[in-house]
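Single-structure report; data block below.
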Number of protein chains: 2
Amino acid sequence: MTDAHVGLAGQLARLPQRQVLSDDVYETVKGLIMDSVVEPGTRLNIDALTRELGISQTPIRESLARLESDGLVIKEPLRGYRVSSRLTRDEFDDLFEYRLHIEPWAAGRAAERSGADDLARLKAEMLSYTDVPDRPSYESYRAMAAHDQRFHDLVLELAGNETARLSFQRTHCHLHLFRLYYGGGIATKALREHKAVVTAVRKGDPEEAAAAMRSHIEASRARLRPIFDKSDPS
Amino acid sequence: MTDAHVGLAGQLARLPQRQVLSDDVYETVKGLIMDSVVEPGTRLNIDALTRELGISQTPIRESLARLESDGLVIKEPLRGYRVSSRLTRDEFDDLFEYRLHIEPWAAGRAAERSGADDLARLKAEMLSYTDVPDRPSYESYRAMAAHDQRFHDLVLELAGNETARLSFQRTHCHLHLFRLYYGGGIATKALREHKAVVTAVRKGDPEEAAAAMRSHIEASRARLRPIFDKSDPS
DNA sequence: TCCTCCAAGATCCTATAGGATATTGCGTAC
DNA sequence: GTACGCAATATCCTATAGGATCTTGGAGGA
């Protein structure tokens, strides 16, 4: 509401947005964790990071503080930071239970509220990732992961509740799930399920949208759950 | 699960917990914001904070980075930090819509899952704040606010879904609501509504628990909403 | 063989100084 | 009277150095 009057100056000033080292470091370390370059439990040495990145401690400390707030690293006072552990089976179940509670509801809200602009954005997002390569590669996996994250975030945004959206974003669910497993063959199915959600939203049918989203999340859970059954016997 | 085997040494080592300046600063600034000592929009000058608190910049910068991650302050690169604005009417509505979606569900889950230990904890929390003073004071308001926050957090914990609990905590809803309004006369009603939730949880009746929580949140919304109708004409 | 103690090393935490950037006020030109 | 440009100030951002703490390795004694 206040942003509605910023005008041209405000928009130009927003172009460079945030050109601070802290943010670059934040994204860099986040990428390292997401791509499993650093394994869970790895100690993140501040001095080592200053040498490797060629910058001072301050921006690194700020980044790590934010990453801790996100739950991606853990701070042990006077000992240092460690990369937080991967999802346990319990946490995995919790996460999907939470998603099954939030996302179908959000999809239903999106179906009720979406106007022409919103539908256009959905369509654009769907078109942004159409090419499913024959053989799975790391690059295509990352592209699919990014698209999946944007899609689910967009549904939350279209639901029109910023609190719910932020709350969902802060679970960093996609990041945690991507850390879990990196492999091909799931893109095609997920895309088809996404399309079912979009179709329902376009029709403006809340119940169908919610049902489609529920099916998608349950299918996603079923695809990922075997990871635990073969690795974590608890 | 891993913590189950730490033994005495681990527990003793945990006693001092976190004795770092950053955390003290974090709690201090958080308190300043919550108690409306610093108004929304106020610039938080790092240099000034170093002088007032008598410490160096580093812990302050870490605290502010975490507070920004929490959404309590806003960082404007090369300009400084500002205290984020109070809830708008739209954000207020979003927040309560979100709570109405999450908390009754959590109360129902708590009713299904709670064992004797859990019920004892609920009872203890209820007993921790029984005295409603005749005339509302700032102290009693703070006590009631803290109890209210603990109560709702406990319900989320008893629901047995850590993801949902963290996600809910990170809305900082109580903090934002307390910033909104400071006045007496709501404690008695809120306590009575809390008791209704507890009664249903003790009976192990999910639907009654969910209904009681829903009533409580709706009543809470009705108590707070007039603030907007008289101040914010949007 | 095991335990205790001590010292060296590494790491984090804090403090201070210098460079870069944005804001503010004033003077000048139109 | 208004608008533009420039300089001074304040603030943030970065870098480096010193103090405090924890961990690790080995030596001595029971």
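In the text below, chain A, chain B and the rest are named by the order of the sequence lines, each starting its count at 1. Since the structure is predicted, the reported quantities are computational estimates derived from the model, not experimental observations.
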**Complete:** Quick note, B:R61 side chain, CB onward, closest among D:dT14, C:dC13, C:dT11 is D:dT14

**Prompt:** Strictly by modelled atom types, are A:Y98 and A:T171 linked by a side-chain donor-acceptor pair under 3.5 Å?
**Reply:** no

Between [atom2] on [N] and [atom1] on [X], what's the gap in Å once rounded to a whole number?
X	N	atom1	atom2	value
A:I60	C:dT11	CD1	C1'	14 Å
B:K75	D:dT11	NZ	C1'	13 Å
B:N45	D:dA10	CG	C1'	9 Å
A:E68	C:dC12	CD	C1'	14 Å
B:E62	C:dA15	CD	C1'	14 Å
B:R43	D:dT11	CZ	C1'	7 Å
B:D24	C:dT14	CG	C1'	14 Å

**Prompt:** What distance separates B:R99 CZ from B:L177 CG, expressed to the nearest 0.5 Å?
**Reply:** 6.0 Å

**Message:** Go nucleotide by nucleotide along DNA chain C from the 5' end; which of A:Y81 and A:T58 gets its closest nucleotide reached first?
**Reply:** A:Y81

**Request:** For residues 38-47 of chain A, pull every pair meeting salt bridge (charged side-chain N to carboxylate O under 4.0 Å, His left out), keeping only residues two or more places apart or in separate chains.
**Result:** A:E39-A:R86

**Message:** Mind checking if B:L44 touches a base, just sugar-phosphate, or nothing, with heavy atoms under 4.0 Å?
**Reply:** sugar-phosphate

**Fill in**
Applying ring pair (Phe, Tyr, Trp, His ring centres under 6.0 Å) to B:H172 and not counting sequence neighbours gives none

**Message:** If the condition is ring pair (Phe, Tyr, Trp, His ring centres under 6.0 Å), which residues does A:F151 pass it with, not counting sequence neighbours?
**Reply:** A:H194

Under the side-chain contact (heavy atoms from CB on, under 4.5 Å) test, which residues partner [X], sequence neighbours left out?
X	value
A:T28	none
B:S63	B:S22, B:V25, B:Y26
B:A159	B:A106, B:R109

**Asked** Using a heavy-atom distance cut-off of less than 4.0 Å, which residues of residues 46-57 of chain B contact DNA chain C?
**Response** B:I55, B:S56

**Set of residues satisfying side-chain hydrogen bond (donor to acceptor under 3.5 Å, both in side chains) with respect to B:Q169, sequence neighbours excluded** = B:D153

**Prompt:** Over its full length, what angle do the end axes of the helix from C:dT1-D:dA30 to C:dC30-D:dG1 make, each axis taken from five pairs and the result rounded to 10 degrees?
**Reply:** 10°

